[in-house]
Novice: 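Handing you a structure now.
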Amino acid sequence: MLKIEFWDEHTDILLPSGRLLPFNDVRSEFPNTGTSKIVLEYLPGNDDMVGAIDSIDILRQIYKIDESFDDDEALEAIHELRNAPPPLATDDIIPLSRADAQALEQHLTEVELLIMEAQNG
């Protein structure tokens, strides 16, 4: 699960290059953050190394977060969106003929029966 949180403004940030960015240099190195709260997105599987730094305002626009949400609610919504499974691409769907669909259904029924037999021992 991707870790996303607000930066507390007194913590140094470990960048993917391995460089430790002192807390007092964050806003000057990332001017896109403006004056709004800064959101840190950590690299997958590494809760110490930050992969992205953005302002909550920019992320609200990117993810079209409801304006009535406060910053904490917006961050939670962004967290859910970033951790959601990718949508199924319609290009991956292969249409089946009626005969193929029936054969597949028959095969699945046979597999289910084999599983039930194995479970009942």
Side-chain angles (χ1 to χ4, degrees):
M1 179 174 279
L2 194 60
K3 180 180 171 186
I4 300 172
E5 67 182 9
F6 285 119
W7 175 58
D8 71 9
E9 302 207 17
H10 299 289
T11 304
D12 298 338
I13 297 174
L14 182 59
L15 300 174
S17 65
R19 181 174 142 230
L20 192 62
L21 180 63
F23 70 91
N24 54 346
D25 292 342
V26 171
R27 289 210 187 263
S28 63
E29 294 229 10
F30 293 91
N32 65 317
T33 58
T35 58
S36 67
K37 286 185 175 179
I38 292 177
V39 176
L40 304 178
E41 181 177 303
Y42 293 85
L43 293 176
N46 188 337
D47 288 349
D48 296 323
M49 192 170 290
V50 173
I53 299 174
D54 274 306
S55 77
I56 189 66
D57 294 338
I58 290 172
L59 293 174
R60 281 176 178 274
Q61 292 173 14
I62 291 171
Y63 293 104
K64 299 175 177 41
I65 303 300
D66 190 314
E67 292 178 14
S68 68
F69 286 11
D70 66 22
D71 286 346
D72 290 328
E73 293 168 327
L75 184 66
E76 181 62 31
I78 292 164
H79 185 264
E80 288 177 16
L81 289 168
R82 292 290 288 132
N83 283 293
L88 179 64
T90 55
D91 295 344
D92 295 338
I93 298 173
I94 301 169
L96 294 176
S97 68
R98 179 178 289 278
D100 288 341
Q102 288 172 339
L104 180 59
E105 185 176 355
Q106 177 64 36
H107 177 71
L108 291 175
T109 302
E110 291 170 3
V111 169
E112 289 171 346
L113 289 171
L114 289 171
I115 291 170
M116 286 177 20
E117 287 175 10
Q119 290 174 340
N120 292 333

Novice: Using 0.5 Å steps for rounding, measure from the CD atom of Glu76 to the CD atom of Glu80.
Specialist: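 Going from CD on Glu76 over to CD on Glu80, the span is 5.0 Å.
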Novice: Do Leu15 and Phe23 share a hydrophobic cluster, counting only Ile, Leu, Val, Met, Phe, Trp and Tyr and linking them when any side-chain heavy atoms are less than 4.5 Å apart?
Specialist: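 Leu15 clusters together with Phe23.
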Novice: Using the rule that Ile, Leu, Val, Met, Phe, Trp and Tyr join whenever any side-chain heavy atoms are under 4.5 Å apart, tell me whether Tyr42 and Ile4 fall into a single cluster.
Specialist: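 Tyr42 and Ile4: separate clusters.
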Novice: Considering only heavy atoms from C-beta outward, does the side chain of Ile78 approach that of Val39 to under 4.5 Å?
Specialist: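 Result no, sub-4.5 Å side-chain heavy-atom pair not found.
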Novice: For the CD atom of Glu117 and the CD atom of Glu112, what is their distance to the nearest 0.5 Å?
Specialist: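 Answer rounded to 0.5 Å: 12.5 Å.
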Novice: Has Asn120 got a side-chain atom pairing as donor or acceptor with Met116's backbone, closer than 3.5 angstrom?
Specialist: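 Yes.
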Novice: Could you check if a side-chain atom of Glu9 sits within less than 4.5 angstrom of a side-chain atom of Arg27, using non-hydrogen atoms only?
Specialist: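 Side-chain contact under 4.5 Å: yes.
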Novice: Out of curiosity, does Ile62 fall in the hydrophobic cluster containing Leu81 (side-chain heavy atoms, cut-off under 4.5 Å, transitive links)?
Specialist: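 Yes, one cluster joins them.
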Novice: Using a cut-off of 6.0 Å, state whether more than 12 heavy atoms not belonging to Glu110 lie near its atom CD.
Specialist: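 Atom CD in Glu110 is packed in, count exceeds 12.
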Novice: Once you round to the nearest 0.5 Å, how far does OG1 of Thr11 lie from CG of Leu21?
Specialist: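 That separation rounds to 11.5 Å.
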Novice: Can you see which heavy atom on Ser36 is nearest to which on Ser55, and at what distance?
Specialist: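 Here Ser36 and Ser55 meet closest at OG-CB, 3.0 Å.
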Novice: Side-chain heavy atoms nearer than 4.5 Å, only ILVMFWY residues, links allowed to pass through others: does that put Phe30 and Met49 together?
Specialist: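 No, because Phe30 and Met49 fall into different hydrophobic clusters, even though each may have its own neighbours under 4.5 Å.
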Novice: Indicate yes or no: does Arg60 engage Glu67 in a salt bridge with an N to O separation below 4.0 Å.
Specialist: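 Between Glu67 and Arg60 there is no salt bridge, as every charged N stays at least 4.0 Å from the carboxylate O atoms.
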Novice: Kindly compute the distance separating NZ (Lys3) from NE2 (His79), expressed to the nearest 0.5 Å.
Specialist: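 Between Lys3 NZ and His79 NE2, I get 9.5 Å after rounding to 0.5 Å.
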Novice: Indicate whether the side chain of Ser68 and that of Asp66 have a donor and an acceptor atom separated by less than 3.5 Å.
Specialist: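 Yes, a side-chain donor-acceptor pair sits under 3.5 Å.
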Novice: Got Asp72 and Phe6 here, is their nearest side-chain heavy-atom distance under 4.5 Å?
Specialist: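 The answer is yes, as the side chains (C-beta and beyond) meet within the 4.5 Å cut-off.
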Novice: With a 3.5 Å distance limit and no angle check, can you tell me whether Glu73 reaches the backbone of Asp70 through a side-chain donor-acceptor pair?
Specialist: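 At least one qualifying donor-acceptor pair exists.
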Novice: As an exercise, state the distance from CD1 of Ile38 to CD1 of Ile58, rounded to the nearest 0.5 Å.
Specialist: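 One gets 10.0 Å once the value is rounded to the nearest 0.5 Å.
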Novice: Write down the atom of Ala74, the atom of Phe69, and the distance for their closest heavy-atom approach.
Specialist: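 The answer is N-CB, 3.9 Å.
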Novice: Are the side chains of Leu40 and Ile53 in touch, meaning some heavy atoms are under 4.5 Å apart?
Specialist: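 Of all side-chain heavy-atom pairs linking Ile53 with Leu40, at least one is under 4.5 Å.
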Novice: Within the 4.5 Å heavy-atom criterion, are Ile65 and Ile56 side-chain neighbours or not?
Specialist: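 Sidechains of Ile56 and Ile65: no contact.
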Novice: Do Leu43 and Val50 share a hydrophobic cluster, counting only Ile, Leu, Val, Met, Phe, Trp and Tyr and linking them when any side-chain heavy atoms are less than 4.5 Å apart?
Specialist: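 No; Val50 is not reachable from Leu43 via cluster members.
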